[in-house]
There are 2 protein chains.
Amino acid sequence: MSRQAPTLEDVAREAGVSRATVSRVINGVRSVDPALQDVVRQAIERTGYAPNRAARSLVTRRTETVALIVSGAGDVADEDENAFTAQVFADPFFGRVVTGVVAHLRPRSMHPLLMFADSARTRQQALNDLRQGSADGALVVSTHADDPLPALLADAGVPTVLFARPSRPVPLSYVDLAHRDGARMAAEHLLDRGCRKIVTVTGPLGVSASQERLAGFRDTMARRGHPYVPVAEGGFTLDSGMAAMSDLLAEHPDVDGVFAANDLMAQGVCQILRERGRSVPDDVAVVGFDDSAAAVACRPPLTTVRQPVEEMASVMARLLTEHIQGVRTEPTSVIFDPELVVRASA
Amino acid sequence: MSRQAPTLEDVAREAGVSRATVSRVINGVRSVDPALQDVVRQAIERTGYAPNRAARSLVTRRTETVALIVSGAGDVADEDENAFTAQVFADPFFGRVVTGVVAHLRPRSMHPLLMFADSARTRQQALNDLRQGSADGALVVSTHADDPLPALLADAGVPTVLFARPSRPVPLSYVDLAHRDGARMAAEHLLDRGCRKIVTVTGPLGVSASQERLAGFRDTMARRGHPYVPVAEGGFTLDSGMAAMSDLLAEHPDVDGVFAANDLMAQGVCQILRERGRSVPDDVAVVGFDDSAAAVACRPPLTTVRQPVEEMASVMARLLTEHIQGVRTEPTSVIFDPELVVRASA
DNA sequence: GTGAAAGCGCTAACAT
DNA sequence: ATGTTAGCGCTTTCAC
């Protein structure tokens, strides 16, 4: 920031035209004499001009930025906020969301503004930032079912798209996965390969995806003659998967099939199984969920239910840009189909 | 965005004061009659006023935002850009950077604007965005030593702080780790526990951290009487660690100690070792680097060299905010000390 | 096709 | 302590 940055005015003077003309050239308005366009472009080059974003935003009312908000329900104490962000990134899931979002945004010269809303304070701040126009809209990934943020954003009239259907209806667009179908695939695969004693490690039950996966799993099991399925609740982390499997194994030593609600927990399940001398998949078959990097990293590689997170996130971003541009006005939902990926663990 | 948002003017009218007074109340300027402050605050409440960020930025020349740029050196083809972002997030490293950055930014009501600069096109775009004032400064995490972006940002006068020292000197602040010291610790630990045939899996040698770790490792080995250390180059990924270990094992079946330049590769090393029937640490001791989530997830848990990524990232963010505020003007470097974390693998 | 001029909503001198 | 006023740099009618 050595000297004062050149403005439109400077370029106009240099090119011998009016500010309006320079502005037109920059914004690609057709009705400018090609010869003049060249003159202007050279003047821009010579002056090293770069348009001022704030000034432009003030009049266009666009920032070319969208907020990507990772939102929790709870009232995390202020001092625990960092633990939240650390945990969010421990799961490969969030990285995939970013990848998908960026894939859509990048060709449009937009960037995501990263926000975390895990306490009352940070939630309020995120809401304020959006109301102040820090971003043109919001992409919200909630880690809990009863997240209050979506409703707040909807009330504030902020264009918003959610990852996952909100537990209470909110007039917002969202993308989601047919979790029940995915869980059904897992159950059928386990059953079809001859497992008799099947258990499941669920995700945190405060997350609707966890509930759906559990419900779908139970449904199918019941339909296939297994009314009772032992359950242990995990927290979508590796550790919690290990703990859950330990418990399950203690109560049901004869287990021969496990469905874990995500790959990270499935990985923990496999580790415990191996430590206890059970071979996967020979003694116990294990099916995960997500098809994340953990599925491939796991020994043995996981048979899992694929959730196309990147595509879902891309579509989420697309819906948002459409809402922002006004080409889409009604809330829309897009539900993706899961897919069974068979590897070695089951 | 139902009806027109209220402006300062509206609040002023509602409160029966001037715009300036409302502005003062909002910005916490002391010299306002407490009684009037209340009146104004109520008017704000009633009107549901939220200050317009763009308008404020235009005059303050601040966006309260910093760019967090993940930057590659190469000319990635456009169609491979998504692969880059996907790979970046596969390593827990980047999540830790975000965590540390956010820890510093959040209390200051700032947010990171995420950018990827992995091709000539995206690098140019990132530079443009900064020149246009999309953010007040940039935090750059380069994945390659000869990344041209830092120099470009320095030339453009954009306040910038780097994670890792640039290969060619650039007048910018940076944080880094004493990689050589870390590698030395790894070598000494392996030597001290009696390993005789030690090999190393390096990171991609286009990354200066990889070179430093290798150099430090070799130095110490040489000093302790081992002039020759078999080397295989990896790419900081799990797969590459597996491949490298396979090669090493084929050529040096008598290996009894491995230093891998990051935990993800160390995990791959352990997997290959187990598949080949070698016990870790009894037959072969393995030391990783980073102390990331992978170190704990690995079986056995990894002995590793801790890199305090979160703190480094926090300090990086602090340096940047200081540069932006102008309280720090000279480029500064902060070098962190690594620490050996002994777990089960060595 | 091009220019003149009116704001966008805010902050910060300056005046009182 | 408060109000008046002059911009910040841009886009966009509206004339020509």
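What you see is a predicted model, and the numbers here were worked out from it, not measured in a lab. Naming: A, B, ... by sequence-line order, numbering from 1 per chain.
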Taking NZ, NE, NH1 and NH2 as the nitrogens, is one of them in B:Asp155 or B:Arg131 under 4.0 Å from a carboxylate oxygen of the other? no
A:Arg19/A:Asp10 ion pair, N-O < 4.0 Å: no
Please identify each residue that fulfils side chain to side chain contact (heavy atoms under 4.5 Å, CB included) with [X], with sequence neighbours left out.
X        : result
B:Ser173 : B:Val161, B:Leu319, B:His323, B:Pro331, B:Thr332
A:Pro148 : A:Arg123
B:Ala164 : B:Asp176
A:Thr65  : A:Thr63, A:Leu113, A:Ala135, B:Leu113

Only pairs at least two apart or in different chains count here, so list each salt bridge (Lys or Arg N to Asp or Glu O under 4.0 Å) that has a residue in residues 46-69 of chain B. A:Asp129-B:Arg53, B:Glu14-B:Arg46
Using a cutoff of under 3.5 Å, can you pull out all pairs of nitrogen or oxygen atoms linking the protein to nucleotides 3-5 of chain C, with atom names and distances?
from	atom 1	to	atom 2	distance (Å)
C:dG3	OP2	A:Ser18	N	3.1
C:dG3	OP2	A:Ser18	OG	3.1
C:dG3	OP2	A:Thr21	OG1	2.5
C:dG3	N7	A:Arg24	NH1	3.4
C:dG3	O6	A:Arg24	NH2	2.6

Provide the full list of ring-ring contact (aromatic ring centres under 6.0 Å, His included) pairs with a residue in [range], sequence neighbours left out, each pair given once.
range                       : result
residues 96-120 of chain A  : none
residues 13-34 of chain A   : none
residues 120-165 of chain A : A:Phe93-A:Phe163

Considering the terminal five base pairs at each end of the helix from C:dG1-D:dC16 to C:dT16-D:dA1, what angle separates the two local helix axes, rounded to 10°? 30°
From [atom1] ([X]) to [atom2] ([Y]), nearest 0.5 Å:
X        : Y        : atom1 : atom2 : result
B:Leu320 : B:Gln325 : CG    : CD    : 9.5 Å
A:Asp136 : A:Thr321 : CG    : OG1   : 10.5 Å
A:Gln42  : A:Thr47  : CD    : OG1   : 11.5 Å

Over how many whole Å does the gap from A:Gln132 atom CD to C:dT11 atom C1' extend? 15 Å
Without decimals, in angstroms, what is the distance between B:Asn27 CG and C:dG9 C1'? 13 Å
Taking only heavy atoms on the protein side, list every residue of residues 55-65 of chain A lying under 4.0 Å from any atom of DNA chain C, sorted numerically. A:Leu58, A:Val59, A:Arg61
Give the first and the last nucleotide of DNA chain D, reading 5' to 3', that has any atom under 4.0 Å from a heavy atom of chain B. D:dA1 to D:dG9
